[in-house]
Amino acid sequence: MAKKQEQFDRNNSWKPATSLVHGGTIRSEFGEMSEAMFLTSGYAYDTSEQAEARFKGDLEGFVYTRYSNPTVHMFEQRMCALEGAEAARGTASGMAAVTAAMLSHLKAGDHVVAGRVLFGSCLYIVENLLPKFGVESTLVDGRDLNAWEAAFRPNTKAVFFETPTNPTLELVDIEAVCKLARDRGALSFIDNVFATPMLQRPMALGADVVVYSATKHIDGQGRCLGGIVLGSSDYIEDTLHDFYKHTGPSMSPFNAWVMLKGLETLPVRVERSCASAARIADFLADHPKANRVFYPGRTDHPQHDLAKKQMSAGGPLVTFEIEGGKDAAFKFMNELEIFKITNNLGDAKSLVTHPATTTHQRLGEEGRAEIGITDGSLRLSIGLEDLGDLLEDIDRALSA
Ligand SMILES: *Cc1c(COP(=O)(O)O)cnc(C)c1O
């Protein structure tokens, strides 16, 4: 296959920060220091016998970039080292990862239990897409273990949730829900975007499959779309691989390279964002114009104990409710100078989102109320700017 996959294979005892710099590295015959970007769709074989052997699977090697490419492979291996997964497949986007992970596993007649607070497009997959293929679903309040347990049916084949949730930062007890699923023969699929792979390790808590939108903190600089599905080699090779190979939700080698280099700085970026987010959450909690603050790292978060159990920090996102509803929220956003108005998250730039009119518009007022989103809810994604500048920006915009 490749010239050499570095000590990674010999030494899997590295701590995350080391794996994220060296894990999965394949060096070509030129010994390049920075990982090479293999922008190629296909591969030449030395002989027809070699081509035959590669197709038969007798000889390891790259065959076609729709399902195997050295740069994408390096990204997958580095993520496996971080996540503690046996295997992975890079995808074109986070949604390609979610869709491929679920569709490759489920079939008509199956049933899925999912947390009701899901990223908008994930909700579409569970509520609208899966039923078209005969897969039924039940949405539950992810915080309520009894609700999870009651929702299982004999044909439940998967549970799917995100934690913390978007945008109200509610938590799901990963270990408990994964155990319920395992005891009932269902696979657990966790969308771990909001915690980032640095703060929360779903596999260590019993998750079968972890998916990411790499578009967010893994790139971390708002440049490329990407995603990844991680799991056991049984799941990845036997369940996902053929679906992935034949339907083509593949990751571009260019995007894989951007993500691979993004991983090198992920720990320092996430640490900085989380430290600033915690300070900003405290600042908002003391501010008269902020009615409520949602931040898992604060002791007033209703599930703070669970946050302490399964997350190593409060996360890079802060949600709060501004006094004065939509008008006040819009005015605040328009007054901000450093924070940019967007629906995205996980950028070096600090970002602000008004969920009610953008990401969660589709739910309608009632649907939003059910999951705690009001017209005054605002989600902040904390970037890498100077904390003092960010606090000043927020303070000024709140007082305007
Ligand atoms: C962004 C996001 C996705 C989708 O990822 P894309 O890369 O935009 O396709 C899925 N889940 C969560 C929680 C996200 O934040």
Side-chain angles (χ1 to χ4, degrees), residues 72 75 79 88-103 112 114-130 139 142 159-172 174 188-200 202 207 209-230 244 247-252 254-256 258-259 262-263 266 270 273 277 294 296 311 315-319 342-347 349 351-353 355 358-360 362-363 371 373 379-383:
V72 177
F75 170 62
M79 281 298 298
R89 291 292 182 273
T91 56
S93 66
M95 287 321 304
V98 171
T99 308
M102 304 285 279
L103 284 184
V112 177
R116 67 180 180 177
V117 189
L118 288 176
F119 182 78
S121 297
C122 295
L123 193 61
Y124 166 84
I125 302 291
V126 172
E127 267 200 313
N128 303 90
L129 183 73
L130 292 180
L139 294 173
V159 301
F160 176 51
F161 61 89
E162 59 185 56
T163 177
T165 59
N166 176 29
T168 46
L169 307 180
E170 292 173 356
L171 307 185
V172 177
I174 299 175
S188 47
F189 295 77
I190 319 296
D191 177 340
N192 203 36
V193 168
F194 267 50
T196 83
M198 298 315 303
L199 305 185
Q200 185 168 269
V209 180
V210 177
V211 292
Y212 286 101
S213 164
T215 316
K216 312 297 167 52
H217 306 88
I218 291 174
D219 171 10
Q221 290 164 77
R223 299 164 293 192
C224 287
L225 291 182
I228 190 161
V229 185
L230 301 120
Y244 176 87
T247 65
S250 336
M251 181 170 222
S252 129
F254 177 83
N255 290 11
V258 172
M259 302 307 179
L263 287 177
L266 184 69
V270 169
S273 291
F294 304 82
M311 299 172 74
L317 292 131
V318 181
T319 297
T342 181
N343 47 285
N344 200 13
L345 61 105
D347 198 314
K349 297 175 173 65
L351 312 172
V352 60
T353 305
T358 59
T359 53
H360 293 71
R362 194 169 68 88
L363 291 187
I371 59 171
I373 301 171
R379 187 190 75 196
L380 303 177
S381 167
I382 307 305

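The figures that follow rest on heavy atoms only: side chains count, while hydrogens, waters and symmetry mates do not. Predicted model, so just to flag it, every value in this text is computed and none were measured. Ligands are counted one by one from 1 in listed order, and the atoms in each one are counted from 1 as well.
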Which pairs of N or O atoms, one from ligand 1 and one from the protein, are separated by less than 3.5 Å, and what is the distance for each pair?
from	atom 1	to	atom 2	distance (Å)
ligand 1	5 (O)	Ser213	OG	3.0
ligand 1	7 (O)	Gly94	N	2.8
ligand 1	7 (O)	Ser213	OG	2.8
ligand 1	7 (O)	Thr215	OG1	2.6
ligand 1	9 (O)	Gly94	N	3.1
ligand 1	9 (O)	Met95	N	2.9
ligand 1	11 (N)	Asp191	OD2	2.6
ligand 1	15 (O)	Lys216	NZ	2.8

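Judged by distance alone, with hydrogens and angles left aside, the side-chain atoms of Ser273 form no donor-acceptor pair with the main-chain N or O of Pro316 at under 3.5 Å.
Closest of all the heavy-atom pairs between Ile382 and Val318 is CG1-CG2, 4.4 Å.
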Check: Given the rule in the side chain to side chain contact (heavy atoms under 4.5 Å, CB included) test, do Phe160 and Val98 qualify, once you have shown the distances and angles that lead to the verdict?
Finding: CA-CA 10 Å; Phe160 176 51; Val98 171; 3.8 Å; yes
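For Phe161, the ring-ring contact (aromatic ring centres under 6.0 Å, His included) partners two or more places apart in sequence, or in a different chain, are Trp148. In this view, Thr165 satisfies the side-chain hydrogen bond (donor to acceptor under 3.5 Å, both in side chains) rule with no residue, not counting sequence neighbours. By the side chain to side chain contact (heavy atoms under 4.5 Å, CB included) test, Thr358 is found to be paired with Thr353, residues two or more places apart in sequence or in another chain being considered.
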